[in-house]
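To keep things clear, I will list the structure first and then write my remarks on it.
Basis for what follows: all heavy atoms, side chains included, without hydrogens, waters or symmetry-related copies. When a residue number appears, it is its place in the shown sequence, counting from 1. One-based numbering, in listed order, for ligands and for the atoms of each.
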Amino acid sequence: MRFSQSLFLLAVAGSGARASSDKTARPRGVAPDFAKYYQDSKTFTCISNPAIQVPFAAVNDDYCDCPDGSDEPGTSACSHLSHKSPLDVADRFGSTDGSVANALPGFYCKNKGHRPAYVPFQRVNDGICDYELCCDGSDEWARVGGTKCEDRCKEIGKKWRKEEEQRQKSMTTALRKKQALLAEAKRLHREIEDQTTRLEAEVKDAEAQVGVLENELKAVEEAERSKTVRSGGKGKGKVSALVGVAKARVEELRDALLEVRQQRDEAQSRLAELESILSKFKVEYNPNFNDEGVKRAVRSWEDYAARDKTEIVNQARDRDLTEIAKTDSESSGVDWEHWENEDEGCKEADLIYQLAGYLPPSVVAFIEEKYLAFRSFLETSGFLATAPENNSPTESKAVTKARDALKSQEDTLRDLNNKLRDQRTDLETDYGPGGIFRALKGQCISRDAGEYTYEHCFFQETKQISKKGGSSTSMGRFNKVASTVVEELNDAGDIVLIEKVAIEYDRGQHCWNGPNRSTKVVLECGEDNEILKTAEDEKCVYSMLVTTPAVCPGGEESVGASPSKDEL
Ligand code: MAN
């Protein structure tokens, strides 16, 4: 149930209470509050213009004498004057500002059996029974065109009282719900405060832990660096590394030598075989056959055989090759094992570190700085291979472990800081009087309208969900609580401006050829959280009318003192 404002009736009801002490007869249409102006039975003084007096007979003579219309409380003769609400009129008592507004709020209907009310002067004797305001039908006293409005106050009053009882019940429920919301909001507020305090402590611890792990990483890196200097980077001396390479190379060359010698020996035996064939040929051929080809071949062979024959295989050299081709263990070659275990770098590094012990730290730092600069120069000039990055695959397990531990702790710290920031933002957010809206945060309500279902998740988001399926469209994310003025019709049919609480959502999905979608959710008192109406006021600018017990008047007292401003 929604509760509307009834200023017109409420103001009159207030007047009615005072009417019980007023025993004098009043002219038609005069409310008890105004009776005092009509007590002189000879002369009438215009209410807002006391300088103007008219004979009392001019009151309700259907002719407008007073500039403020006060001489015609029971007719429509002064209905051309602007109308003011009952409250405005009360404010203007005794005013002589010469305003052309009617001094009276309207034609007063006693409405016995129901509640008294004012009918606008234009509706007096207009031939229409205005039962919603004047259930006793007294506004049509002249029976214009034969209109006779019977008194229906008994039945209308009964119905109204029943509805009013329902309204009161509903209001009681709403207030009970409001109190529950207030209590819940307070509990949540305290919970977030506690969480914030806890998080602050956790952040401090995590920061300290990050500091410790940073130092640990530095120490491990330092230790690894020193190990690297001592071991030449591979766990063995530089000589050993070189020896390893040389040994492999020697093995390779030895294998190649053996292969070449074998090929040579094969070629030599083939040559010897050929030479023996040709020698035999020279002896056995028949010179009497005049075969020029054969004769030429024999001559060539004789020339070849006559040539000074240097020893194709130098015996001494061949012995050397045989010696070289032997493995180092078979020969008296290099003692690889001796060199493989040599670790001269260690001694040098030890020397360097012993030397550093005698130097002041500033000098050590200076040397280290110069060393690093020189090394970087060599690297950029291409003389030296670039040193591996700290976290490169060649990084030691100890450094990786220390680095991972630091990174994980930094991640934890970041998460904690993010949570803390969110909690602090939440504590600074305006959640309305008493922080009541905090209890509604995240609650979602929806309503079907046209081709969409509209969803409102309090203090989070508004959405448009297509009923045909597909993804939903964000109509805005929570921005702030604000107040807004809305036009409403009161019971007298007048447009009145009423201030209401609104929740503003913006930064929604971008609208094609338009702005980012935004929604203003106007709240009004109601027993339940419910969307009453949705509208697209301009392209992609939406409004929703939502009821909630959170904005019903009253109910704060029994929950205890409201939180201070900075708690909101
Ligand atoms: C969709 C809906 C409408 C909106 C248009 C704008 O159809 O979000 O509310 O007016 O897009 O293109």
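The ligand atoms of ligand 1 that sit less than 4.0 angstrom from a heavy atom of Cys511 are 6 (C). Near Tyr452, the atoms of ligand 1 lying under 4.0 angstrom from a non-hydrogen atom of the residue are 1 (C), 2 (C), 7 (O). Listed by number with element, the atoms of ligand 1 under 4.0 angstrom from any heavy atom of Gln464 are 2 (C), 3 (C), 8 (O), 9 (O).
Polar contact with ligand 1: absent for Trp512 (N/O pair, distance under 3.5 Å).
No side-chain heavy atom of Ile436 sits under 4.5 Å from any side-chain heavy atom of Arg438. Taking 4.5 Å as the limit, some side-chain heavy atom of Phe458 sits within range of a side-chain heavy atom of Ile503. Asn102 places a side-chain heavy atom less than 4.5 Å from the side chain of Phe121.
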### Task
Walk me through it: do Cys109 and Cys135 pass the test disulfide bond (SG atoms under 2.5 Å apart)?
CA-CA 8 Å; Cys109 300; Cys135 59; over 6 Å; no
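A side-chain donor from one of Gln195 and Gln423 sits under 3.5 Å from a side-chain acceptor of the other.
Protein heavy atom nearest atom 12 (O) of ligand 1, with residue, atom name and distance: Lys539 CE, 4.1 Å. Closest to atom 5 (C) of ligand 1 among all protein heavy atoms lies Arg517 NH2, 3.8 Å.
Annotation for Ala439 and Glu184: closest pair CB-CG, 3.8 Å, computed over non-hydrogen atoms.
Evaluated by nearest non-hydrogen atom to atom 4 (C) of ligand 1, the leading choice among Met475, Glu451, Glu536, His510 is Glu536.
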